[in-house]
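What follows is a short report on a single structure.
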Amino acid sequence: MMTSQPETPPPNQIIIAASCYADATAVISMAAMLARWAGADLHGILVEQNMVPATERMFTTRLITPAGAQIAVPTIAQMRRLLAADARIFEAELAKMASLSRWTFERLQGDLMARTRAAAKPGDILLVGHHGFHRHLFYRHLGSVILIHNPGQAQHRAFDIATELARSQNAPLFICAAATDPEQRHLASIELEAMTRRADLPETIAHVFGSAAEILERINRSSAVAVIIDTQVGPFKSNADMGLLLDVARCPLVIVSSADAPLPNDRLKPEPDS
Amino acid sequence: MTKEPVELPQGLDPAVLRRETDPDALGFATTAEIADIEGLIGQDRAVDAIRLAASIPHRDFNLFVLGPVGTGRHRAVDALLETEATKRPVPCDWVYVNNFEAPHKPQALQLPAGSAVRLKLSMEELVDDLTIEISAVFESDDYQNRRHVIEEEFSERHENAFADFQENAKARKVAVLRTPMGFTLVATKDGEVLKPDSYERLDDTARRRIEQDIEVLEDQLADILRAMPTLEKEHRSRVGQLHADMAEQVVSARIATVDDNFRAVAPIAQYLTAVHDDMTANAELFLQARHKSSESPFPGGIVKYHREPMFQRYAINIMVSHDKNLSNGAPLEKEVLPSLGNLTGRIEHTSEMGALQTNFTLIKPGALHRANGGYLVLDARRLLSEPFAWDALKRCLDNRAISITSAAEFLSLVSTTSLEPDPIPLDVRIILIGDRRMYALLSMFDPDFARLFKVQADFEDTVARSPRTLKLLARLVATSARHDGLRPLTASAVARLLDEAVRMAEDTTHYSLKLSALSDIMREADYYTGAANRTNISHTDINHAVTEAERRAARIRDRSHEMITRKTILIDTSGSVVGQINGLSVVDLGTNRFGQPSRITARVRVGAGKVVDIEREVELGGPLHSKGVLILSSYLSTHYALDMPLSLQASIVFEQSYGGVDGDSASSAELYAMLSALSGVAIQQGLAVTGSVNQAGQVQAIGGVNEKIEGFYRICKARRLTGKQGVLIPKSNVDHLMLRQDVVAAVEKGKFRIIPIETINQGITVLTGKPAGKRDRNGAFPEGSVNALVEQQMRAFATLRQSFGRDKEPGRRE
C-alpha cells in the first residue's frame, strides 16, 4: 500500500527510509527483525532527494556506477522510471519481509533526513538505509554495531536495540561517548563499563572520545553494521547531524528517541551506573 | 590244382583273444594293503614339460597341455604347479590410486607383499583423523586470530579509501547523492544541496571551481570503486593462503605418521607427497564433511568419514594383495570362465543423473592380476570361445603388461572417454589345457601361438603293459579309490578293471591312461558293492558296472541288431553268395560305440574301366572311403590282365546304408566282393570281413576291431551259431584284441572263429574255400583258382569291348 501522505501511523512502528532500493536492502531484514522483537508495525518510505532538479540543470554530467564506470546522467524521464521501479521493488520486499507484521509504504520527495524524521511519530524507531559505496563480501560479519552514548543520559531503548542488533547479527557492540575534561571522561568510562556488563554479549568494546568530532572520525574509518543514536540525548540531534552521521557511517542509521513511550517488549533493566 | 574246397581255418587261439590280467601277479589281496602313489604313470614326457614350463624363467615359455580327456591333465597340472609355486617368491601387491593431476589416468603402485591392505587402512584412518583435526584447526583461537588480523587489515584499507574520499568531498563542499543507477556528486552550501537558482547566481569562476572539484571527485570515486575487486581478490588470496598454511601443518604431521609406517617404500612416499599437496589444496572438503556430520540428527559416534564420496579421491583400490603369512609362494590361479573381463579386469560404471560415471575405485581385477607373479590355468576351448579373450591374452603376454579394454572398445563402438589406468607389468606363466585338435589348429593357423606357447605337454593315451606298470597302475587304482572314498578293491577286481583299461587302449600290449573312465567304473562298482552289503569291491562288481554301462548306452545298438535279426536289414550269416560279403563298421555315439555288419555287394560288366563307388556318387561316402575304393580299383588294374586295358564297369555299394560311410576299413571286403563278382565264386556269408587294403594287396590294420567282431558275433548268436561263422581281421590287429568273455567262450567251444589275414589272396581263399592262386613262371594263375577266374573274366571283358568297337561302322570310334 502506498500513499503520498501517511495516515496516522500506528504507535511504535519501525520506519524504513531510503533514497533508493539499494539502500533499503541494507535495513529491511534488520527492520523486520526489530519489528518482531518489538511487536511493532513496519512503514517504508522512499524519499526522492532533490537530485532531479539538480541534474536537470546540468550541474553534473556524469554518474558513477557501483563498478566505477562513469556514465551519462540519465534523463529525467529515465530517472523517474527508475525511481518508480525502485518503489515497486521496495514495497514488494517490505511485504515479503513483514510476514506477520502490519506494513505500510509511501513515497516522498525532498531531503532524506528531513522528510524521514518529519514522518516519524513519538515512539517510532527510524532505520535510515545506507548500502555503502561498495558491497564488500569479506567483512560482512565483521562490522560492529555502534551505539553513540551521551554520558549521564539514560537511553534504554537505544541500548536495548543496540544489544539486540549485535546479538542477532553476531557482531561486536561498540559503545562510544564523548567527554571533554578528564573528570567527565572518568565518569563516562565507568558508565560505559557498566553498560558493557549489562550488554552481556560475546564482545563489547567501549571508548570515550575527546569530542563528538572524534567520534565521527572514528566512525568514518570503521566498518559498521549499524549506528544507533538517541536524538533526544545526543550528542548528535539535528537533521544535518543525522545526514553527516549517515555519510560517515556509510551503513544503516537507527534513530530512536528516549523521551518516547517504552516498547512493549522493553526489558526492565536497572539504570546505568553513573 | 585241388578241386577240394579249402578248409576253413580254425582261427586264433582263444588265449590271444583276451589277454587277461592275473590277479595273483598283483601281490595283494585288496587295495587296502598297498600304498598310495603320487603323480601319474606313463606321462613322463608330459610331466617333464610341465616342470620345465613351471620353472624356466624366460618369457614366452607358456604351456599347452594336450591329450585326451580323462588322462589326468588337470590333476597333474595342479599337483606339479602347486609344488613349483611354493618355490617361487610371494609376488608384490598392486593397487590403483588417484592421479590428482589427471584423474582419468589412475596410477598403479607396486607395493611389497601384504602392504596394500595396510596402506588402505592407513589412508582411511588418515582421512578420518584429518576431518576432525582440520576442523579443529579452523575453530582454534590461532586461526580465528590470524583470520581476524587479515579481515581487519582489509576492512581498514576499504574504509580508509572511502573515508578519505568523504573527507575530501566534504572539504570541497561536495555531497554524494545515491540514485538507483549509482552515485552523483553535487555541490553543497551550508550542508544543503546547492539549489539551481543559487548556482545560477554564482560567477563563472565559482561555477568553474565547483565543476572542477566535482570532476576531480568523480574521478577519485571511480578509481576507488574500480580498485575494489582487486582488493577483494587480494583478500581472498590472503585468506586462501592462511587456510593452506593452517591445513598444511596438520596434513604434514599426519601424513608423516603414515609415511613412517611405510618407510623406504618409494612408490608410497611419492604417492603420499601428492596426497599431501592435494589435501592441503582441498582442505575445505574436510570442513564440509565435518559440518555435514554435525548436522546429522543421530548422536555423534565414530564416523567413517572416509566413506564419503568426496574422499574417494584418497581411496586405495587394491587389485591384488598377498598376505605373506597366508600365502605360500606364488599364486596358482584358475579361471573357469575366461571372458575378456574376467581375464584382464574391467572398469565398471555407475549411473548418476542419467550419465555413466567412473573413477579409479571402479577398476576391478581379473585373473591375470590375481595370477601375476605365478601361474594361470585356463581351458583352451573355453578361452577361445569367449569373444576377444584370446586376443587380449596374447596382447598382454606380448606387452608384458595387463591393459584393461572392454569389448565395446575393441569394436570401437563407444567414443565416451573412460579411464586409462597405468598398465600393470605382467609376469605370469599361462597354462592352457586342451585337446590335440585344438593344439594343431592353433599351431597351424595362429602365428602368435607358437611364439608365445613354446612348451607342449603331450599326455599319452596309453602305457606299455609290463609287470612294473601293472603294479603301478594297481597303486594308482588304490589311490584313486581312497581319494574318492570308495571301498577297497580285491585283486581280482583290480585285474578286471585293468582288463578294461587294456580294452580301452585297443591294444593288448598297453593300458589306457584314461583314468577318469576307470574311476567311473570303480565308483559304480562301489555302489553295487554297497547295495550287496559287501566290504570289498569284487571283480563281479566291476563286471556288473561295465555291463550295466554298456547296457544303458546300447539302445541304438540293440534296435539296430533287432532290425538285422528280423531281416528288416538284410544280412546273411550262412550260405554263400557271389559278389556279396559282410563288411563290418563301428558306430561311435560318443559315450558308446558298437560294431555291426553291413552287406556289401559288387556287380561287374564290360565297360570303360570304371569302378563306381555308389556311396561316393550320392555323396554318402567320405574321402577315406573313396580312397579305399580307388585303391582296390588300382589293385584290379595292376594284378589282372596286365596286357589288356581295364575293360570292366563295376559298382560297389553298402546295401541299406543311408547315413554316410567313411574310412577304408571295408576296402578289403569291397575287393573280395569284387573278386567274387568277377570270378563268379561265391563268398561264405557266415564270415564277416574288416581290414583295409593297399595297392599291393596287403591287408592293413583298422580300428574298433573288438567292437566289430562282437557286433557280428551277436548277430550270429541271435540266429544260432553254426560253428562256421567268424570274422576275418588284419593280422596286424591281433595285438589289439580284448574281446568280451562270451565271444572268447564261443571260440573256445569252436562255435566262432577269428581268422587273421595278411593278404587279399589269403582272404579270398578263406572266404570262397577256393585257392586264390599264384602266378607261375609263365605268369599264369593256376587253373580254377580265384585269380585265374578273375583274370579270365577281365580278359573276356576286354575282348568283348574290343569286338564291340570293331563291329561299329568304319571310321567311327568309341
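The sequence lines fix the lettering, A, B, ..., with proteins before strands; numbering per chain opens at 1. Just so you know, these numbers come straight off a predicted model, no measurement behind them.
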For B:D164, is it the side chain, the backbone, both or neither that has a heavy atom under 4.5 Å from a heavy atom of chain A?
-> both

Here the pair of heavy atoms bringing B:M181 nearest to A:P74 is SD-CG, 3.6 Å

Heavy-atom nearest pair, A:S223 first then B:E159, reads N-CG, 3.8 Å

Determine which residues belonging to residues 205-216 of chain A lie within contact range of chain B, meaning some heavy atom pair is under 4.5 Å apart, and list them by number or answer 'none'.
-> none

For the candidates B:E167, B:K170, B:R236, which exhibits the highest count of non-hydrogen atom pairs separated by less than 4.5 Å from chain A?
-> B:E167

Distance-only polar pair, side chains of B:D219 and A:Q70, donor-acceptor under 3.5 Å | yes

Heavy-atom closest contact (B:N160 atom, A:R221 atom, distance) = OD1-NH1, 3.1 Å

A:S168: partners by side chain to side chain donor-acceptor pair (under 3.5 Å), with sequence neighbours left out = none

All heavy atoms of B:R178 vs all of A:A22, minimum pair found to be NH2-CB, 4.2 Å

Identify the two heavy atoms, one from B:P180 and one from A:C20, that lie closest to each other, and give their separation to 0.1 Å.
-> N-CB, 4.2 Å

B:L225/A:I64 under side chain to side chain contact (heavy atoms under 4.5 Å, CB included): CA gap, chis, key distance, verdict | CA-CA 9 Å; B:L225 290 172; A:I64 315 299; 3.7 Å; yes

Considering non-hydrogen atoms only, spot the tightest contact between B:A222 and A:G68 and give its length.
-> CB-O, 3.4 Å

Against chain B, label A:A240 side chain, backbone, both or neither, depending on which of its atoms sit under 4.5 Å from a heavy atom there.
-> neither

So which part of A:L112 gets closer than 4.5 Å to some heavy atom of chain B, the side chain, the backbone, both or neither?
-> neither

A:D86 versus chain B, the contacting section by heavy-atom distance below 4.5 Å = side chain

Let me know if A:I219 has heavy atoms under 4.5 Å from chain B in its side chain, its backbone, both or neither.
-> neither

Is it the backbone or the side chain of A:Q78 that comes under 4.5 Å from a heavy atom of chain B, or both, or neither?
-> neither

Answer key: most heavy-atom pairs under 4.5 Å with chain B among A:D23, A:L244, A:D247 is A:D23

